[in-house]
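What's counted below: heavy atoms across the whole structure, side chains too, no hydrogens, waters or symmetry copies. Because the structure is predicted, anything quoted here is derived from the model rather than measured. Chain identifiers are assigned alphabetically (A, B, ...) following the order of the sequence lines, protein sequences preceding nucleic acid strands; residue numbering begins at 1 within each chain.
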Amino acid sequence: GNSVTQMEGPVTLSEEAFLTINCTYTATGYPSLFWYVQYPGEGLQLLLKATKADDKGSNKGFEATYRKETTSFHLEKGSVQVSDSAVYFCALSVTGTYKYIFGTGTRLKVLA
Amino acid sequence: DTGVSQDPRHKITKRGQNVTFRCDPISEHNRLYWYRQTLGQGPEFLTYFQNEAQLEKSRLLSDRFSAERPKGSFSTLEIQRTEQGDSAMYLCASSKSGGGVSYEQYFGPGTRLTVT
């Protein structure tokens with residue numbers, strides 16, 4: 001079946017630290033991969049996406065590369081800010097089904 | 001583009017009562033999805049519509065749950081005879097469709113249901 005596994009949080013970092021949140025997946029077919037972010041009190045927002053192997057999605061300084069050989073889509077940012085504190089969700093969508101399968105989310109807390 | 005809206009934002013009900021939630025998608029989106037999110041978990045798929053047709057339902061959607069999208073625009077999710085286990089955030093999302101592509105989904109703010 002299809003599933004997404006994310007590293008457990010919370011992740012606590014100091015401002016300007018390097019961020020990695022691991023995400024691995026299991027899927028039939030060729031999934032599209034997404035990272036969503038949920039800020040406190042707000043809805044889910046798309047952060048970035050990749051639709052095929054070796055694609056790199058990027059937005060707001062965040063990046064993730066679709067690695068088919070390791071079935072991974074790790075989220076990275078070179079220098080985090082306090083405003084990046086949120087919950088981050090990795091998700092996949094298998095072509096033909098269109099529904100998303102989400103990971104359990106990783107809470108990030110950035111300290112000034 | 002006003003985004004996806006949901007109403008109400010919060011609902012408190014007693015066990016055994018029926019509740020109905022509404023979702024208004026982005027106007028040009030013909031796919032509409034419902035998810036349920038419990039504390040500390042990621043959203044779980046419930047069902048989705050392509051225009052007015054309900055094309056897939058999760059096993060999570062028991063016979064107490066029903067969803068409609070009568071004119072291919074807004075959608076309603078009804079829960080009959082609510083149970084405490086139904087307490088969760090109910091999320092609606094919408095997307096474009098076509099070409100066999102998985103377009104990104106845009107989420108509403110959610111309806112938080114508390115069953116007492």
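- Linking ILVMFWY side-chain heavy atoms closer than 4.5 Å, directly or via other members, places A:Val110 and A:Tyr39 in a single hydrophobic cluster.
- Proximity to chain A is limited to the side chain of B:Gln37, based on heavy atoms less than 4.5 angstrom apart.
- With a threshold of 4.5 angstrom between heavy atoms, B:Tyr35 approaches chain A through side-chain atoms but not through N, CA, C or O.
- No more than 12 heavy atoms of other residues, nucleotides or ligands shown are found within 6.0 angstrom of CD on B:Glu68.
- One distance of note links CD of A:Gln38 with CE of B:Met89; it measures 7.0 Å at 0.5 Å rounding.
- A continuous path of ILVMFWY side-chain contacts below 4.5 Å connects A:Val37 to A:Val4, so both sit in one hydrophobic cluster.
- The environment of B:Arg64 atom CZ is dense: over 12 non-hydrogen atoms of other residues, nucleotides or ligands sit within 6.0 angstrom.
- Looking at A:Tyr100 and B:Glu104, their side chains come closer than 4.5 Å, going by heavy atoms from C-beta outward.
- Between chain B and the residues A:Glu42, A:Gln45, A:Lys49, the largest count of heavy-atom pairs under 4.5 Å involves A:Lys49.
- With a 4.5 Å cut-off on side-chain heavy atoms, A:Tyr98 and B:Ser95 do not count as touching.
- Distance check, rounded to the nearest 0.5 Å: OH of B:Tyr103 to OG of A:Ser32 gives 11.0 Å.
- Heavy-atom neighbours of A:Leu111 CG from other residues, nucleotides or ligands within 6.0 Å: above the threshold of 12.
- The CZ atom of B:Phe45 sits 8.5 Å away from atom CD1 of A:Ile101, with the distance rounded to the nearest 0.5 Å.
- Under a cut-off of 6.0 angstrom, the local environment of CD in A:Glu69 is crowded, with over 12 non-hydrogen atoms contributed by other residues, nucleotides or ligands.
- The contact between B:Leu91 and chain A is made entirely by side chain atoms (from C-beta outward), counting heavy-atom distances below 4.5 Å.
- Residues A:Phe34 and A:Tyr30 fall into different hydrophobic clusters, defined by Ile, Leu, Val, Met, Phe, Trp and Tyr side chains chained together at heavy-atom separations under 4.5 Å.
- For chain A, the nearby part of B:Glu56 is the side chain; its heavy atoms alone come within less than 4.5 Å.
- In the displayed structure, A:Glu8 atom CD is contacted under 6.0 Å by at most 12 heavy atoms of other residues, nucleotides or ligands.
- Both the backbone and the side chain of A:Leu44 come within contact range of chain B, judged by heavy atoms closer than 4.5 Å.
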